[in-house]
There are 2 protein chains.
Amino acid sequence: MPKDSTLADVVTLDRYDRQILELLQHHGRINNQELAERIGLSPSPCLRRVRALEDSGLITGYRALVDAKRLGHSLTALLHISMDRHTPERFANFETKVAALPQVQECLLITGQEADYQLKVVVHDMDDYQNLLLNQITRIEGVTGAHSSFVLRRVLEHRPVPSHPDTAY
Amino acid sequence: MPKDSTLADVVTLDRYDRQILELLQHHGRINNQELAERIGLSPSPCLRRVRALEDSGLITGYRALVDAKRLGHSLTALLHISMDRHTPERFANFETKVAALPQVQECLLITGQEADYQLKVVVHDMDDYQNLLLNQITRIEGVTGAHSSFVLRRVLEHRPVPSHPDTAY
DNA sequence: TCTTTTTTTGGCATATAATTCCAATATCAT
DNA sequence: ATGATATTGGAATTATATGCCAAAAAAAGA
């Protein structure tokens with residue numbers, strides 16, 4: 001009989017799995033042969049492990065990263081949104097409306113007296129930002145407040161999730 | 001003679017390039033044959049375009065996404081940090097120290113009276129968070145304030161950067 | 001509009017990589 | 001130590017990537 005487990009169980013990983021996760025988080029399109037070589041395993045078990053990590057849901061997908069500025073999106077902003085009432089309907093409606101805006105890169109439901117959501121948005125310039133904010137976001141039902149911060153510089157981004165238990169302090 | 005251009009020029013893309021960017025931002029590890037088929041081009045020009053997008057710096061890399069919770073990082077927090085003085089040395093030192101913390105997923109220098117930096121961190125639990133905050137982050141020279149928000153739910157994450165000009169409002 | 005020039009494509013040949021299978025090895029529990 | 005279980009490595013096969021070039025398309029010029 002298998003040990004107690006749920007679908008969302010925290011998995012146990014050995015050094016190979018950790019190395020695979022580490023490498024794929026940096027080089028998501030590395031080929032299996034090179035991945036195998038780098039972790040010190042032959043290609044077939046390496047590929048099996050990658051598939052297992054994908055099938056287990058530990059690896060949830062792969063993404064290409066694109067330079068937003070080169071695409072003409074010079075301005076990135078963090079938007080803190082407050083809602084009037086904290087009902088499921090309000091939230092569901094807000095989330096649907098926000099999901100329809102392509103400028104929204106991220107939407108997090110957060111704790112805090114100052115805001116219920118944090119959005120990360122990319123736009124071409126301040127005019128576009130103003131339009132987005134005034135004509136789209138603040139018009140969503142239930143939105144009572146919005147506070148903007150602008151990203152001056154991306155110091156760190158897309159860093160790998162630590163694949164081993166945090167070390168002691 | 002080539003037209004005026006700088007390294008960071010905003011590039012012009014046709015529908016194929018846009019489709020490639022769109023698909024690779026969703027399926028970063030799709031193979032070239034399927035990518036070609038999906039955008040309606042044969043494999044060789046498709047691959048040439050992908051390479052061109054990579055070489056031009058528009059595609060800056062590829063990442064595997066991993067489920068932080070499954071790795072035991074149950075708590076994600078947004079940390080707003082204020083600094084005492086806004087000197088390059090202060091900032092450089094802070095950024096170096098923060099880059100050495102594996103729990104830090106993102107660090108943005110932002111505008112706003114309330115904070116200079118926003119960090120996104122992942123930890124196992126509240127105890128770990130407390131340790132990180134009190135023993136690591138607030139001890140960095142120049143840090144005068146820290147305000148925490150916790151991520152209750154990730155509504156939207158890792159969304160593709162729009163690859164065509166924003167539509168009119 | 002027609003012609004010339006330039007760019008891009010599609011298909012083929014070749015090189016490289018992924019995938020499957022199984023015997024051999026290593027690991028684990030007793 | 002011993003048997004049971006899981007994992008590996010290598011070979012054969014299948015699939016994919018890559019480089020090349022003639023043909024098609026697009027752009028520029030007359």
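So that the names make sense, note that chain A is the first sequence line, chain B the second, and so on, each numbered from 1.
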Q) Which residues pass the side chain to side chain contact (heavy atoms under 4.5 Å, CB included) test with A:Arg90, sequence neighbours left out? A) A:Met83, A:Asp84, A:Arg85, A:Thr87, A:Glu141
(Q) If the condition is side chain to side chain contact (heavy atoms under 4.5 Å, CB included), which residues does B:Ala146 pass it with, not counting sequence neighbours? (A) B:Leu79, B:Ile81, B:Leu133, B:Thr138
Q | Non-neighbouring partners of B:Tyr62 that pass ring pair (Phe, Tyr, Trp, His ring centres under 6.0 Å), sequence neighbours left out | A | none
Q) Residues two or more places apart in sequence or in another chain: which of them pass ring pair (Phe, Tyr, Trp, His ring centres under 6.0 Å) with A:Tyr16? A)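 Listed in chain order: nothing, the list is empty.
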Is there any salt bridge (Lys or Arg N to Asp or Glu O under 4.0 Å) pair reaching into [range], and which pairs are they, with sequence neighbours excluded?
| range | answer |
| --- | --- |
| residues 41-54 of chain A | A:Asp14-A:Arg49, A:Asp17-A:Arg49, A:Arg51-A:Glu54 |
| residues 106-118 of chain A | A:Glu106-B:Lys120 |
| residues 95-105 of chain B | A:Arg153-B:Glu95 |

With a cut-off of 3.5 Å and sequence neighbours excluded, list every side-chain donor-acceptor pair involving residues 35-47 of chain A.
residue: A:Arg38; atom: NE; partner: A:Glu34; partner atom: OE2; Å: 3.4
residue: A:Arg38; atom: NH2; partner: A:Glu34; partner atom: OE2; Å: 3.2

What is the distance, rounded to the nearest whole Å, between atom [atom1] of [X] and atom [atom2] of [N]?
| X | N | atom1 | atom2 | value |
| --- | --- | --- | --- | --- |
| B:Gln33 | C:dA18 | CD | C1' | 12 Å |
| A:Glu37 | C:dA18 | CD | C1' | 16 Å |
| A:Asp14 | C:dA26 | CG | C1' | 13 Å |
| A:Tyr16 | C:dA26 | OH | P | 11 Å |
| B:Arg51 | C:dT9 | CZ | P | 16 Å |

Q | Atom of B:Arg63, atom of A:His26 and distance for their closest heavy-atom approach | A |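 Nearest heavy atoms, B:Arg63 then A:His26: NH1-O, 2.9 Å.
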Q: With B:His86 as reference, evaluate B:Tyr117, B:Phe91, B:Phe94 under the ring pair (Phe, Tyr, Trp, His ring centres under 6.0 Å) test and give the passing residue.
A: B:Phe91
Q) Angle, rounded to 10°, between the helical axes spanning five pairs at each terminus of the helix from C:dT1-D:dA30 to C:dT30-D:dA1? A) 60°
**Q.** Test salt bridge (Lys or Arg N to Asp or Glu O under 4.0 Å) applied to A:Arg15 - qualifying residues, sequence neighbours left out
**A.** none
Q. Any side-chain N or O of A:Asn31 under 4.0 Å from OP1/OP2 of C:dA17?
A.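 Yes, within the criterion.
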**Q.** DNA chain D contacts made by residues 39-49 of chain A, counting heavy atoms under 4.0 Å
**A.** A:Leu41, A:Ser42, A:Ser44, A:Pro45, A:Arg48, A:Arg49
(Q) Taking any atom closer than 4.0 angstrom to a non-hydrogen atom of chain B, what span of DNA chain D does the protein reach, first nucleotide to last? (A)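 Nucleotide range with atoms under 4.0 Å of chain B: D:dT16 to D:dC20.
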